[in-house]
Amino acid sequence: QVQLVESGGGLVQPGGSLRLSCAVSRNIFSTYVMGWYRQAPGKQRELVATMTSGGTTNYADSVKGRFTISRDNARNTVSLQMNSLKTEDTAVYYCNARATWTAAYNYWGQGTQVTVSS
């Protein structure tokens, strides 16, 4: 079955950059939408960015112009480049893969902590 493993989280100062990566155990990029979500303590999980296999992207208003999602189908990976980080970006970031035709096929990584603090 499909498994997702995130990496690249850590501590960074405000204004800094961080790049998250997600490795997928099976090649599902031909049909699945890939995305990044995040959850801060005491808050609901929220969408950060998604990308279809065709390259269509969707970003949360709070990260537009600062974050960039990308995918490499040959290596079964999806990445999130985060620039100009703010303290409010602090959260656990989760990689996600979902089918376009049914909500039953929806996979999540274990999460990676991103902390933005001076």
- The reported gap from CZ in R45 to CZ in R38 (rounded to nearest 0.5 angstrom) is 14.0 Å
- Message: Given M34, which partner from the list L4, T50, T77 fulfils the side-chain contact (heavy atoms from CB on, under 4.5 Å) test?
- Response: L4
- In short, I69 meets M51 closest at the heavy-atom pair O-CE, 3.5 Å
- Taking side chain as C-beta onward, heavy atoms only, is T31 less than 4.5 Å from T100? no
- Inter- and intrachain pairs under ring-ring contact (aromatic ring centres under 6.0 Å, His included), touching residues 51-94, at least two apart: none
- Query: Nearest heavy-atom pair of S53 and R71: which atoms, and what distance?
  - Reply: N-NH1, 3.2 Å
- Test item: T115 side-chain N/O and T90 main-chain N/O as donor-acceptor pair under 3.5 Å: no
- Sorted by first residue and then second, give each disulfide (SG to SG under 2.5 Å) pair with at least one member in residues 72-118; sequence neighbours left out. C22-C95
- Taking all heavy atoms of S21 and all of S79, pick out the closest pair and write down the distance. OG-OG, 3.6 Å
- With sequence neighbours left out, what residues match R66 under salt bridge (charged side-chain N to carboxylate O under 4.0 Å, His left out)? D89
- Shared hydrophobic cluster, Y107 / V24 (ILVMFWY, side-chain heavy atoms < 4.5 Å): yes
- Spacing of L18 atom CG and Q81 atom CD [to the nearest 0.5 Å]: 8.0 Å
- Query: Tell me the side chain to side chain donor-acceptor pair (under 3.5 Å) pairs involving residues 4-16, sequence neighbours left out?
  - Reply: E6-Q110
- Can you name the nearest heavy-atom pair linking L80 to A49, along with the distance? CD1-CB, 4.3 Å
- Query: In Å and rounded to the nearest 0.5 Å, what is the OH to CG distance from Y37 to N96?
  - Reply: 5.0 Å
- Query: In this structure, are over 12 heavy atoms from other groups packed under 6.0 Å from E46 atom CD?
  - Reply: yes
- Item | Which residues share a salt bridge (charged side-chain N to carboxylate O under 4.0 Å, His left out) with K64, sequence neighbours left out | D61
- Query: Which value, rounded to the nearest 0.5 Å, describes the distance between W36 atom CH2 and M82 atom CE?
  - Reply: 8.0 Å
- What distance do L11 atom CG and Q113 atom CD have between them, rounded to the nearest 0.5 Å? 9.5 Å
- Query: Listed by chain and number, what are the side-chain contact (heavy atoms from CB on, under 4.5 Å) partners of S118, not counting sequence neighbours?
  - Reply: P14
- Query: Would V78 end up clustered with V2 when hydrophobic side chains under 4.5 Å apart are linked, directly or stepwise?
  - Reply: yes
- Item | Rounded distance [0.5 Å steps], OG in S117 versus CG in L85 | 12.0 Å
